[in-house]
Amino acid sequence: MDGKTLPGVPGHSGLPFADSAAGALLDADGVIIGWTAAAAELFTLPAEQVCGRPALELLAAPAVGGEPPARDAEAAWSGEAVVRTGRGEDMGVVFHVLPLAAADGAGRYFVLWAPAGTVDRWRQDQAFTRELFLQDRLGLAVFDAELRLVRTNTHLLPYTGLLPDLRHRSLGDFLQPEGAAAVERRLREVLRTGRPLILSEETVRTIEDPGDGVVMAVSAFRLQAPDGQVFGVTALFTDVTEQRRSDERLAILHHATAAVGGSLSVAGTGEELADVLVPRLADLAVVEIAEAVFRGEEPAPGEDGLLPLRRTAAAGERAAEVPTGSVVPADAGCAPAVGHAPASMTAPLRARGIFLGRVTVRRGPDRSDYTPADLDLLCEIAARAALALDNARRYTREHRAAVGLQRSLLPPAQAETAAVTTSGFYLPADTATGVGGDWFDVIPLSSARVALVAGDVVGHGLAATATMGRLRTAVRTLADLDLEPDELMVHLDDLVSQLRDEPNEPGGPGGPVRPSRLTRADGDGADGDGADGTVSYVPLNPGPPLGVNGLPFEVAEVQLAPGSLLVLYTDGLIEGRESDLDEGMAELRRRLSRPGAATAPLRELGQEIISTHPPHQLADDVTLLLARTHAVPPENTAVWPVDADPVAVARVRQEAARQLSEWGLEELVFTTELVLSELVTNAIRHAGGPVEVRLIRAGQLTCEVSDPSATQPRMRRALLTDEGGRGLYLVAQLTSRWGSRYTRHGKTIWAEQPLPDAPHPQGG
């Protein structure tokens, strides 16, 4: 017997599985009369060594279950045994005995053997497959090579809309085309490549009940026969809809927290909140905030418990149709919106127990209604947004106070002097660090002159604002001394250095100061607009920031025709978050070059220039000072040289009286004669000659006396026994303002008197 055929077994000249089954044919006495090749390989015993021997001789120990059941001798039975192999090793096996009926009536048995471990795996595989199809939390499907369903469990897709019998159906027979095509595309890839599919998420909807569908995590592997032929694919469908929705809610919460925390603007916080909710949580989101919040105040409901709200932001479908305001109870809580279906919810914006506003969201009819979990999410987002909103409210209060302080330290926006007409603008940047230290000033000087200043303290916050106030005062004080511009800048540089070295102010008060700009020492931010309409930047070499290294400052002198326009500004005007210096300078030149700009009202022109600088786009504060120059007509000035002789004082009085009569200022003759007498007498007595007298009528009457002495006059209180020393005291009492200034050839003492109210020719 060659071990490949087993004579006498029905159905074949041998068993059809003889090549693959480890089996033996026994006669009625248990003697082996047939042996398969697989048995020979399993036990390393060829057929010629075992045929003709009792099967029990192969056992190393008595078999368990080795006898047929007593009640039914023709029934098959199974058992376990230990077989001694041809290598002398013991092998645990599981056997199965099949009684056979032979033609001669003699009883025969066919015995199948398998290693115990292999049988255990078979049993595990069978149990695993059986349990898979019994699971109620997994959808299990077996597809053939054409992706038709061969077998499924009862929970393939755990919601309504499935056909009663899915066998021989394709997914497209009961799923919406988009979802069916997506899953089949994945399964075909598994069939083609053999690579398993692991938890690929797809949203599927049934044809009968589309709704929002469910999110299924699909895993699949290919099925193939031992010879390698592919005959199908098995897929597991896990419903992860709620898990995905939870993940989406968490992502929305994180995104909203990050979004609303990035602004210190009340309106900006509301806009960011509305934008982050659409379309993730809603098709329409409306944010309403109490009016008081915009002023930085804590909202307080009226006696009826109601609080007026302003619609601050709306995003999504039909946002423009949302009313601009409403009145709500200040104790409102999270709930479905009153008067609406579960497709709408509202949540209060409440921080530190204070009701600041509310947010309302709504979904369209094509989306599912909100769930309690969605309401919890909205309430959590609203709570976090309310903290950001309260921070913005408090910042608004502090910012308004800082801006108010800043503006209180600045001069009036409009000024009219004999020398210039000015219009100033200050635009604070909407930054988290507060207002800066930018400033401008218009400082009247003697003899119908004026000083224009623009400066910028580096940094922001109250420290920068305080430093600005100190510097503005210092500049005014130094300017009142009528110092040359470069000398004034040196003194100011020393002052800033001292401020930086003060204790308890790390890094200096507000940082270094960019060079101020003066009419006779214009910085690189001084732009000249000639009376003929041409625009040019004043050519000069800008000095270093004040308080840095003590380098000298250069002076630039520019002749301006009457009616010229000076534009002084800080760098915030020409440097933005998204533009560089050259672009900003070109834009400023373009606006000043437009037809009519040179003669336009300064207020309108300034508003036009700063209109393209929204506060939330500013990188720094903007300070802008526009000045249109005037000239004193020659006929409004009179000059006389005076001999260094006391007798010449009488002639001075006569010439002054004559000139005042020509100007129609007879009311000022007596006072002017007395003032000039005292000033000229002092000049002749203490300085000698040459002496020069000048009268200027320009908004007021100015008397000037110049001499070659550099000695500064001082007013003192004379004793009763003193013969002199009362001159300057009389001058101070008779005039509205007096002082002296150094010149290149000595000094000039000046005194001013207001002009009478009666009409008279005006200069400038």
Side-chain angles (χ1 to χ4, degrees), residues 418 444-449 477-484 487-488 491 632 634 636-663 665-756:
L445 301 177
S446 62
S447 306
R449 296 173 303 129
T477 302
L478 293 171
D480 191 57
L481 298 176
D482 262 317
L483 302 176
E484 291 294 320
E487 185 179 356
L488 186 152
H491 285 290
V632 178
N636 283 11
T637 302
V639 181
W640 309 285
V642 179
D643 296 333
D645 186 344
V647 178
V649 176
R651 187 176 65 84
V652 170
R653 290 197 298 267
Q654 296 173 357
E655 292 291 336
R658 181 186 60 78
Q659 184 62 61
L660 292 180
S661 297
E662 291 182 5
W663 287 344
L665 300 177
E666 288 84 355
E667 297 180 28
L668 300 181
V669 170
F670 176 77
T671 304
T672 303
E673 287 181 341
L674 185 56
V675 168
L676 288 178
S677 294
E678 293 295 336
L679 296 181
V680 172
T681 299
N682 284 343
I684 294 174
R685 179 180 301 171
H686 299 291
V691 177
E692 183 180 82
V693 173
R694 183 166 65 164
L695 295 181
I696 304 172
R697 184 187 64 168
Q700 55 194 348
L701 180 64
T702 302
C703 303
E704 289 187 354
V705 176
S706 300
D707 62 56
S709 173
T711 303
Q712 187 76 8
R714 297 180 180 275
M715 184 174 61
R716 63 183 180 87
R717 181 177 296 275
L719 300 176
L720 292 176
T721 57
D722 290 345
E723 296 182 1
R726 298 176 178 85
L728 290 180
Y729 179 79
L730 289 176
V731 171
Q733 296 300 311
L734 296 174
T735 60
S736 59
R737 195 167 70 119
W738 76 278
S740 66
R741 65 177 183 271
Y742 292 107
T743 67
R744 296 178 181 177
H745 306 290
K747 70 175 182 297
T748 297
I749 303 177
W750 53 269
E752 296 176 352
Q753 302 175 69
L755 298 178

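- The two residues Glu673 and Ala657 have their closest heavy-atom pair at OE2-CB, 3.5 Å.
- Between Ala644 and Ile684 the shortest heavy-atom distance is C-CG2, 3.7 Å.
- With hydrogens and angles disregarded, a donor-acceptor distance shorter than 3.5 Å links the side chain of Thr743 to the backbone of Gly746.
- Counting heavy atoms from C-beta outward, Ser661 and Glu666 have side chains that approach closer than 4.5 Å.
- Between Thr681 and the choices Leu676, Val649, Val705, Val652, the side-chain contact (heavy atoms from CB on, under 4.5 Å) rule is met once, by Val649.
- Under the side chain to side chain donor-acceptor pair (under 3.5 Å) rule, Thr672 has a single partner from Arg653, Glu667, Gln753, which is Gln753.
- Across every non-hydrogen atom of Ala448 and Ala418, the tightest pair is CB-CB, 4.1 Å.
- Between the side chain of Ser446 and the main chain of Trp750, no donor-acceptor pair closer than 3.5 Å is present.
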Requested in this report: Carefully, step by step, assess Lys747 and Ser706 under the rule side chain to side chain contact (heavy atoms under 4.5 Å, CB included).
Outcome: CA-CA 6 Å; Lys747 70 175 182 297; Ser706 300; over 6 Å; no

Report task. Begin from the C-alpha positions of Glu662 and Leu660 and carry the test side chain to side chain contact (heavy atoms under 4.5 Å, CB included) through to its verdict. Result -> CA-CA 5 Å; Glu662 291 182 5; Leu660 292 180; over 6 Å; no

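- Counting heavy atoms from C-beta on, the side chains of Pro690 and Pro708 come closer than 4.5 Å.
- Side-chain contact check for Val675 versus Trp738: every heavy-atom pair is 4.5 Å or farther apart.
- Nearest heavy atoms, Arg697 versus Val632: O-CG1, 4.2 Å.
- Separation of atoms CD (Gln659) and CG (Asn636) is listed at 9.0 Å; rounding is to 0.5 Å.
- The two residues Glu752 and Thr735 make their nearest non-hydrogen contact at O-CB, 3.1 Å.
- Between Asp482 and Arg449, at least one side-chain nitrogen of the basic residue sits less than 4.0 Å from a carboxylate oxygen of the acidic one, meeting the salt-bridge criterion.
- The shortest distance between side-chain heavy atoms of Leu701 and Leu755 falls below 4.5 Å.
- Residue Leu679 holds its CG atom at 5.5 Å from CD1 of Ile749, rounded to the nearest 0.5 Å.
- The CH2 atom of Trp640 sits 11.5 Å away from atom CZ of Arg694, with the distance rounded to the nearest 0.5 Å.
- Nearest heavy-atom pair, Leu668 versus Pro756, reported as atom, atom and distance to 0.1 Å: CD1-CD, 4.0 Å.
- Looking only at distances, no side-chain donor or acceptor of Asp643 sits under 3.5 Å from a matching main-chain atom of Asp645.
- Around the NE2 atom of His491, the shell of radius 6.0 Å holds more than 12 heavy atoms that belong to other residues, nucleotides or ligands.
- By the 4.5 Å heavy-atom criterion applied to side chains, Val639 and Glu692 are counted as neighbours.
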Requested in this report: Would you check, one step at a time, whether the test side chain to side chain contact (heavy atoms under 4.5 Å, CB included) holds for Tyr742 with Thr748?
Outcome: CA-CA 6 Å; Tyr742 292 107; Thr748 297; over 6 Å; no

Query - Trace of the side chain to side chain contact (heavy atoms under 4.5 Å, CB included) decision for Leu695 with Thr637 - result: CA-CA 6 Å; Leu695 295 181; Thr637 302; over 6 Å; no

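- Remark: Leu734 CG to Tyr729 OH distance equals 10.5 Å, nearest 0.5 Å.
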